[in-house]
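Computed from a predicted structure; not experimentally measured. If you read the sequence from its start, that first residue is 1, and numbering goes on from there. Computed over heavy atoms, backbone and side chain alike; hydrogens, waters and symmetry mates excluded.
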Amino acid sequence: RISDSLGANAGTVITNTGEMTHATGPLTTTPPVSTTVGEPSLALDKWSTPPTSHTVGAGDRVTYTVLITNVGDASGPAPAYDLVFTDTLPVGMRDGTPLLLAVTLDSAPVSSALYTTTYDSSSGIYAIVFTPTFAFSLPVGSVLGIEYVALVDADIAAGMDLANAA
C-alpha cells in the first residue's frame, strides 16, 4: 500500500533507492525500485424491494441491496482501502434504525469485526465504516455487497414520494 501523502495520482511513478554507509566501508546504493501509483475505480449499483415506483405504506419494510465493484483503473488498478458507505434515508423513513442483513465480499460473508455501523435519525445518514487497516480491502475485480432494511415511518402521509439514492 502506498500512502498518498505526496499527492501522487494514478499513473505516477515513484522511484526509491536506499543507501548504506559504514565507517570502514564504501557507500553502497541499492538499484532503484519503481512503483506505479494505482487508484481504485468503483462502480455502485443499488436497488430496492419493493422496486422503485411501487407504493409502500406506514410500517412497511424496504430492503436495499447495494453492490460496489472495484472495476480497476487502466492507469494503475489498485485495491480500495478505508471504505465508508453512506446512505441518506429520505424523510418518511428515518424513525427506525436500519437493520443490516448482510455484508459480503464476492458473495462470502464479511466478519462484523471488520466494520461498524452508525445511524443518525435527524439526518437519515446510515453509515458502514470498514476497518481502516489492511484487514479489509476491495480487490480489483471484486464485489462488495451490502443489504439492509429500512422501515417506512408510522406517521407517513399518504402520497409522499420516498426517493433514496446511495
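Taken to the nearest 0.5 Å, the OG1 atom of Thr104 stands 6.5 Å off from the CG atom of Leu144. To the nearest 0.5 Å, the span separating OG on Ser48 from CG on Leu162 amounts to 10.5 Å. How far CG of Asp95 is from CG of Asp155: 5.5 Å, rounded to the nearest 0.5 Å. The line from OG1 of Thr88 to CE of Met93 is 12.5 Å long, rounded to the nearest 0.5 Å. Note that the CG atom of Leu42 and the CD1 atom of Ile68 stand 7.0 Å from one another [nearest 0.5 Å]. To the nearest 0.5 angstrom, Leu44 atom CG is 8.0 Å from Leu67 atom CG.
Side-chain contact between Leu83 and Phe136 is present, with heavy atoms from C-beta onward closer than 4.5 Å. At least one side-chain heavy atom of Phe85 sits less than 4.5 Å from a side-chain heavy atom of Val66. A heavy-atom distance below 4.5 Å is not found between the side chains of Thr35 and Val13. When side chains are defined from C-beta on, Leu105 counts as touching Leu138, because their heavy atoms get closer than 4.5 Å. Side-chain contact between Leu99 and Leu101 is present, with at least one heavy-atom pair separated by less than 4.5 Å.
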**Message:** Walk me through whether Thr131 and Tyr115 qualify under side chain to side chain contact (heavy atoms under 4.5 Å, CB included).
**Reply:** CA-CA 5 Å; Thr131 306; Tyr115 59 84; 5.7 Å; no

Please assess Val62 against Leu151 for the test side chain to side chain contact (heavy atoms under 4.5 Å, CB included), listing each intermediate value before the final yes or no. CA-CA 6 Å; Val62 179; Leu151 295 176; over 6 Å; no

Evaluation steps, side chain to side chain contact (heavy atoms under 4.5 Å, CB included), between Tyr64 and Val149:
CA-CA 6 Å; Tyr64 293 103; Val149 172; over 6 Å; no

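Ion pairing between Lys46 and Asp87 holds under the 4.0 Å rule for side-chain N and carboxylate O.
Across all their heavy atoms, Asn70 and Ala80 have their closest contact at ND2-N, 3.6 Å. Contact between Ser41 and Gly72 at its shortest, heavy atoms only, is CB-O, 3.1 Å. Considering every non-hydrogen atom in both Asp106 and Ser142, the closest pair reads OD2-OG, 2.8 Å. Taking each heavy atom of Pro50 and Val56 in turn, the nearest pair found is CG-CG1, 3.6 Å. Smallest separation of non-hydrogen atoms from Ser121 and Arg94: CB-O, 3.4 Å.
Side chains of Thr15 and Ser34: a donor-acceptor N/O pair is present below 3.5 angstrom, by distance only.
Thr97 is linked by a side chain to side chain contact (heavy atoms under 4.5 Å, CB included) to Tyr119, counting only residues two or more places apart in sequence or in another chain.
Ring centroids of Tyr148 and Tyr126 are separated by less than 6.0 Å, placing the two rings close together.
Of the possible polar contacts, none joining the Thr69 side chain to the Val71 backbone as a donor-acceptor pair under 3.5 Å is found.
When each of Thr65, Thr49, Leu100 is tested with Glu147 by the rule side chain to side chain contact (heavy atoms under 4.5 Å, CB included), just one qualifies, namely Thr65.
Residues Val103 and Leu114 share a single hydrophobic cluster, defined by chaining ILVMFWY side chains whose heavy atoms lie under 4.5 Å apart.
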